[in-house]
Each structure stands twice: as structure tokens, then as C-alpha cells.
Amino acid sequence: METDLQLVHRARDGDQPAFAVLVRRHREKVFHLAVSILGPALVPEAEDVAQEVFLKAHKSLRAFRGEAEFCTWLYRITFNEASNVKALARHKRPHFDESALLGAAGSGPSPHQEAEDSDRNRHLTECISTLPETYQSALRLYYWLGNGVDEVAALLGVPENTAKSYLHRARQLLHGMLRQKGYEL
């Protein structure tokens with residue numbers, strides 16, 4: 001199996017199947033990183049970001065100097081692109097799929113419990129949105145998408161211990177913010 005660097009060299013020379021292998025190899029992680037930055041309400045935008053990342057990577061392949069791993073370079077493009085989309089998306093309404101509509105009509109917890117859960121989730125979402133982008137991404141990758149610490153580190157382009165620190169600091173900050181809002185964890 002060829003390394004990413006070998007595939008990059010072939011793709012630079014116009015070998016489209018080589019670039020297709022790079023896309024297949026990294027598309028899932030690029031998408032997950034985009035979702036971790038944009039949040040669960042913007043999954044369609046994350047799909048668009050992933051496509052845009054590979055278009056930009058293909059156009060900029062000659063600019064890749066090989067000083068870092070190809071995946072690190074690609075994930076940095078993803079991080080920048082998703083951050084730009086997130087800044088623009090703050091002014092749009094989130095997308096809801098059919099399951100959200102069906103869930104609204106189903107039987108479940110009492111209205112009082114739903115109101116409490118909704119209030120807690122709203123506060124949690126507000127608290128998460130005040131964290132630095134890297135902490136938000138680390139939390140979403142780890143808790144929402146179920147990635148391991150090693151995968152979080154790779155997707156964020158940081159050492160594994162740094163990813164652990166991001167998660168630890170983010171949890172500490174969230175616990176403090178939620179306590180201030182009256183929630184005991």
C-alpha cells in the first residue's frame with residue numbers, strides 16, 4: 001500500500017486515481033472534523049465543507065511542501081474551511097431532518113421533564129459555544145462522534161497529550177459554567 005506522500009507525488013503529476021485514493025482514505029475523518037467544528041445541527045454544511053476541502057487540496061497540491069504529514073495539512077484546510085462556514089452559518093437557521101419532526105410527535109417523557117431536559121441542553125449548548133474552537137471540536141469529536149483520544153489528536157493535528165489536555169480543560173470549564181447556572185454534576 002502506497003503512502004500518502006507517494007500518492008501526492010503521483011497526483012501532482014496528473015494521476016487522478018492516486019488523488020481518488022487520498023480522498024477515500026481521508027474523507028471520513030475530514031467530514032467528522034467538519035462536523036465537530038460546525039456542530040450536529042449543520043451536518044449538511046459539513047458535507048459541503050468536506051467537498052470544498054478536497055477541491056482546495058486538489059488545486060493546492062503543488063503547494064504541499066511535505067514538511068508535515070499530508071493528513072495534517074488536509075485537516076488544517078478542513079479546520080479553516082469549517083471555521084469560516086461556522087462564522088457565516090451563525091446567521092442561518094439549523095437544518096432539521098425528518099427524525100426531528102417525528103420525535104416531536106411521539107410519546108415520551110412528561111412535558112415537565114422535557115422542559116427541564118430542554119433547559120439543561122440549552123444551557124449546555126450555550127456553555128459549549130463559549131469555549132475556544134479547539135475545545136469545542138475536541139468535545140464533539142470525542143463525545144458526539146465517539147472518536148478515541150488518538151483520533152481526536154490526529155483530526156486536530158496535535159499530539160495525543162495535547163488532545164487529552166483539551167478534553168480535560170473543556171470538561172473543567174463546562175463543569176464550572178454549569179455549576180454557575182445551578183446544575184450539579
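Index from 1, following the sequence.
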Looking only at atom types and distance, does a side-chain atom of [X] sit under 3.5 Å from a main-chain N or O of [Y], one as donor and one as acceptor?
X      : Y      : answer
Gln6   : Thr3   : yes
Ser129 : Glu126 : yes
Glu151 : Gly148 : yes

Are more than 12 heavy atoms from other residues, nucleotides or ligands located less than 6.0 Å from atom [atom1] of [X]?
X      : atom1 : result
Arg65  : CZ    : no
Gln172 : CD    : yes
Tyr142 : OH    : no

Is the shortest side-chain heavy-atom distance between Pro132 and Arg169 below 4.5 Å? no
Within this structure, what is the [atom1]-[atom2] distance for the pair [X] and [Y], rounded to the nearest 0.5 Å?
X     : Y      : atom1 : atom2 : value
Ser60 : Leu74  : OG    : CG    : 11.0 Å
His32 : Leu155 : NE2   : CG    : 8.5 Å
Leu33 : Glu28  : CG    : CD    : 12.5 Å
Thr78 : Phe54  : OG1   : CZ    : 6.5 Å

Could you report the tightest heavy-atom contact between [X] and [Y], atom names first, then the distance?
X      : Y      : value
Val49  : Ala34  : CG1-CB, 3.8 Å
Ile128 : Gln136 : O-CG, 3.1 Å
Met177 : Leu131 : CE-CD2, 3.5 Å
Arg25  : Leu7   : NH1-CD1, 3.5 Å
Ser137 : Ile37  : OG-CG1, 3.1 Å
Ala154 : Tyr75  : O-CD1, 3.0 Å

Which residue pairs pass the side chain to side chain donor-acceptor pair (under 3.5 Å) test when at least one of the two sits in residues 13-23, sequence neighbours left out? Arg10-Asp15, Gln16-His58
Taking it one step at a time, do Leu5 and His9 satisfy side-chain contact (heavy atoms from CB on, under 4.5 Å)? CA-CA 6 Å; Leu5 191 56; His9 289 302; 3.7 Å; yes
One pair to check against side chain to side chain donor-acceptor pair (under 3.5 Å): Tyr143 and Arg171. What are the steps and the verdict? CA-CA 11 Å; Tyr143 290 105; Arg171 284 188 296 261; 2.8 Å; yes
List the steps and the verdict of side-chain contact (heavy atoms from CB on, under 4.5 Å) for Leu141 and Leu156. CA-CA 9 Å; Leu141 285 167; Leu156 295 178; 4.1 Å; yes
For residues His26 and Phe70, establish whether the separation of their ring centroids is below 6.0 Å. yes
Connected via hydrophobic side-chain network under 4.5 Å: Leu55 and Val21: no
State plainly whether the residues Lys86 and Glu133 are in salt-bridge range, i.e. N to O under 4.0 Å. yes
Apply side-chain contact (heavy atoms from CB on, under 4.5 Å) to Leu61 and Trp73, showing your working. CA-CA 10 Å; Leu61 214 48; Trp73 179 72; 4.2 Å; yes
Under the side-chain contact (heavy atoms from CB on, under 4.5 Å) criterion, do Cys127 and Lys181 qualify, and how do the steps go? CA-CA 10 Å; Cys127 291; Lys181 294 182 181 287; 3.6 Å; yes
Only pairs under 3.5 Å count here: list side-chain donor-acceptor contacts from residues 157-167, not counting sequence neighbours, and write none if there are none.
| from | atom 1 | to | atom 2 | distance (Å) |
| --- | --- | --- | --- | --- |
| Ser165 | OG | Asn161 | O | 3.1 |

